[in-house]
Amino acid sequence: MSGARKTYIKSFGCQMNVYDSHRMADTLAPEGFAETTTPADADLVILNTCHIREKAAEKVYSELGRIRLIKEQAAREGRRVMVAVAGCVAQAEGEEIIRRAPSVDLVVGPQSYHRLPDLIARAERGERAIDTEFPVEDKFDALAAPSRDATRKRGVSAFVTVQEGCDKFCTFCVVPYTRGAEISRPVGKIVAEAERLADAGVREITLIGQNVNAYHGEGPDSRAWTLGRLLHRIAEVPGVARLRYTTSHPGDMEPSLIAAHRDLPALMPYLHLPVQSGSDRILAAMNRRHTGADYLDAVARVRAAQPAIAFSSDFIVGFPGETEEDFDATLALVEEVGFAGAFSFKYSPRPGTPAAEMAEQVPEDVKSERLQRLQRLIDRQQAAFNARCVSRTFDVLFEKPGRYAGQIVGRSPYLQPVQVMADAALIGTIAPATITEVSANSLFGTLATPASMHQSVLVEAGA
Ligand code: SAM
Ligand code: SF4
């Protein structure tokens, strides 16, 4: 296949999908597809879907309705637009997608992205183009690496998948079914990818996986390395100034990972550590394999290693059988930890998962009311955390121009957006900024002078 064709890729759901979308674009580039951000210009539209909650899957079908109109308009102009559904909805629903949305030409599950060029050729010939297998060949080896140019365009902060799939089988979750068994990429390949990214100007790398701290990839010594050890190795890559990892399971906060929080200045003091519930009864029914006390212990161990750490989390409210008492235990855990932010969701029964079959499903209005109460508490904690940032000086990794002329925006160590009036030449670099003001979701600051930095250190020391 050749020629200047265009592909529009839309990602739904988690960071793994963002990473996968980039790798699909990289694999299609040598096939003559340039990326576009305008669906109406595309010859190939790919929806990279999420199946984690019912709403996520329904969003895909409504998006497919909009894409169908674009496809029909293009056909009237004598142009063929192909539509592909990728990701976890593709994996879970397979052929059913084409039945429900006949405008779809091909369906590709997360483990088969490297086979996209072949699937496109098959769809063009009018053949069946559905691939939801778990192939034996290594997808990561077969996917093309990004060009330097593509990496630069994607910005100074990049994701690297180090682990995929999950063997934990929480009773509410589709991931073990859609992403398959847990696999870890070898250390050498991850390091090579980090080196390529840093060489193209990336300053911050987030190691990602559905269960990232279960990482056990093969090291150069032929032994299984932990995530803690991998982080130490990536921190040595020249140019990598910041490291993060997500998403972690509280049961896998192993000692080398805790030590990394103490020993690696590049590892940012912000940890997303999902707990789901504060009730031991519900945690057991969820098959989470940890109690509320285990979670608090994990939090305490990380805090002891890195006192500046802040936490975020995921919560599910209205899991089958959740009583008011169980929900109170969740609120109590939130009060005890004090989060800098969190995601909370109403339980959504997923077909094929054990929890969907459980008796005592919680009525929708009860779920909604609990979700509101939990979100109010988390919002208060987030606002309090942000308010405590005023007058502090943070290193900010500047990522792009801000909304207003003369403004640039970056991220604090705690992932908060920080808006500063400063020269655009600072984009791609890390510079200290003193926070002067906060809004619900952003911090505002001024570039710090050496004198104000000195003052901030004194304030912290005296706090
Ligand atoms: N692996 C991570 C963990 O162990 O927490 C998270 C994986 S999942 C992609 C992200 C979040 O979606 C979960 O932490 C959970 O809060 C939420 N989630 C998963 N299944 C859900 C369901 N059936 N209903 C509501 N929320 C769900
Ligand atoms: Fe899903 Fe995370 Fe549980 Fe694995 S550990 S089953 S990805 S919620």
Side-chain angles (χ1 to χ4, degrees), residues 11-20 48-59 87-89 91-92 110 159 161-184 206-215 227 245-253 271-279 282-290 294-295 298-299 311-322 330 333-334 339 341-358 361-362 364 366-368 370-371 374-375 378:
S11 287
F12 297 81
C14 65
Q15 296 98 332
M16 306 243 11
N17 270 5
V18 175
Y19 177 85
D20 287 347
N48 193 8
T49 62
C50 173
H51 202 238
I52 202 80
R53 284 169 292 279
E54 191 179 3
K55 257 194 182 158
E58 284 310 313
K59 264 192 211 159
C88 292
V89 175
Q91 188 64 40
F159 297 129
T161 294
V162 301
Q163 175 281 334
E164 200 173 7
C166 184
D167 294 340
K168 294 265 192 301
F169 289 93
C170 299
T171 54
F172 53 80
C173 184
V174 288
V175 166
Y177 311 96
T178 56
R179 292 274 173 169
E182 197 178 302
I183 61 117
S184 292
T206 304
L207 305 182
I208 57 173
Q210 265 94 21
N211 199 179
V212 72
N213 55 344
Y215 178 81
L227 184 67
Y245 60 93
T246 197
T247 298
S248 296
H249 189 283
D252 290 322
M253 291 305 299
L271 179 58
H272 184 63
L273 194 61
V275 62
Q276 316 299 355
S277 169
S279 153
I282 295 297
L283 287 168
M286 287 176 164
N287 190 31
R288 285 290 292 179
R289 307 161 192 228
H290 63 79
D294 294 334
Y295 184 84
V299 165
F311 290 90
S312 69
S313 195
D314 288 345
F315 294 89
I316 295 178
V317 301
F319 184 82
E322 186 188 73
T330 299
L333 182 137
V334 175
F339 290 98
F343 300 103
S344 41
F345 313 100
K346 287 192 259 185
Y347 168 68
S348 165
R350 307 313 292 133
T353 59
E357 306 300 321
M358 288 179 186
Q361 296 286 330
V362 174
E364 210 43 42
V366 176
K367 286 187 203 172
S368 300
R370 287 183 190 161
L371 185 69
L374 176 60
Q375 286 183 340
I378 290 165

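Just follow the structure's listing: the first ligand is 1, and inside any ligand the first atom is 1.
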What are the atoms of ligand 1, with element, lying closer than 4.0 Å to any heavy atom of R53?
12 (O), 17 (C), 18 (N), 24 (N), 25 (C), 26 (N), 27 (C)

If we number the atoms of ligand 1 from 1 as shown, the ones under 4.0 Å from a heavy atom of R350 are 23 (N)

Could you please spell out the steps behind the side chain to side chain contact (heavy atoms under 4.5 Å, CB included) verdict for K346 and S368?
CA-CA 7 Å; K346 287 192 259 185; S368 300; 3.1 Å; yes

Indicate whether the side chain of S344 and that of Q375 have a donor and an acceptor atom separated by less than 3.5 Å.
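Looking only at side-chain atoms, Q375 and S344 do form a donor-acceptor pair, the distance falling under 3.5 Å.
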
Which of the numbered atoms in ligand 2 are below 4.0 angstrom from a heavy atom of R288?
3 (Fe), 8 (S)

Note: ligand 2 atoms sitting under 4.0 Å from heavy atoms of F172 are 8 (S)

Tell me whether Q163 contacts the main-chain N or O of Q210 through its side chain, where contact means a donor paired with an acceptor under 3.5 Å.
yes

So which atom in T330 and which in S277 form the shortest heavy-atom distance, rounded to 0.1 Å?
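Taking T330 first and S277 second, the nearest heavy atoms are OG1-OG, 3.5 Å.
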
Work out which heavy atom in A356 is nearest to a heavy atom in R350; give both atom names and the distance.
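Closest heavy-atom pair between A356 and R350: CB-O, 3.4 Å.
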
If you have a sec, work out which protein heavy atom is nearest atom 19 (C) of ligand 1 and how many Å separate them, to one decimal?
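For atom 19 (C) of ligand 1, the nearest protein heavy atom comes out as I52 CG1, 3.4 Å.
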
Just need the protein heavy atom nearest to atom 24 (N) of ligand 1, so name the residue and atom and give the distance.
S348 N, 3.0 Å

Quick one: which of Q210, R288, K346 has a heavy atom closest to atom 4 (O) of ligand 1?
R288

Pick whichever of D314, T171, L273, V275 has a heavy atom sitting closest to atom 10 (C) of ligand 1.
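The nearest heavy atom belongs to D314.
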
Do ligand 1 and [X] have nitrogen or oxygen atoms that lie under 3.5 Å from each other?
{"X": "F172", "value": "yes"}
{"X": "Q276", "value": "yes"}
{"X": "Y347", "value": "no"}

Could you go through E58 and K55, starting from their C-alpha distance and side-chain angles, then the distance that decides it, and tell me whether this counts as salt bridge (charged side-chain N to carboxylate O under 4.0 Å, His left out)?
CA-CA 5 Å; E58 284 310 313; K55 257 194 182 158; over 6 Å; no

Measure the NE2-OG1 distance between H51 and T178 for me, rounded to the nearest 0.5 Å.
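Rounded to the nearest 0.5 Å, the NE2-OG1 separation comes to 8.0 Å.
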
What distance separates T247 OG1 from F343 CZ, expressed to the nearest 0.5 Å?
9.0 Å

Ring centres under 6.0 Å, that's the criterion: do F319 and F345 meet it?
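Judged by ring-centre distance (under 6.0 Å), F319 and F345 do not meet the cut-off.
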
Go through K168 and N287 one step at a time and tell me if the side chain to side chain contact (heavy atoms under 4.5 Å, CB included) criterion holds.
CA-CA 8 Å; K168 294 265 192 301; N287 190 31; over 6 Å; no

Atom 7 (C) of ligand 1 protein-contacted (non-hydrogen atom, under 4.0 angstrom):
no

For atom 4 (Fe) of ligand 2, which protein N/O/S atoms fall under 2.8 Å? Skip waters.
C166 SG

Classify the contact between T247 and ligand 1 as side chain, backbone, both or neither, using a heavy-atom distance cut-off of under 4.0 Å.
side chain

Determine whether more than 12 heavy atoms belonging to other residues, nucleotides or ligands lie under 6.0 Å from atom CZ of F169.
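Enclosed: over 12 neighbouring heavy atoms sit under 6.0 Å from CZ of F169.
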
F315 pairs by ring pair (Phe, Tyr, Trp, His ring centres under 6.0 Å) with which of Y295, F172, F339?
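Among Y295, F172, F339, the one that satisfies the ring pair (Phe, Tyr, Trp, His ring centres under 6.0 Å) with F315 is F339.
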
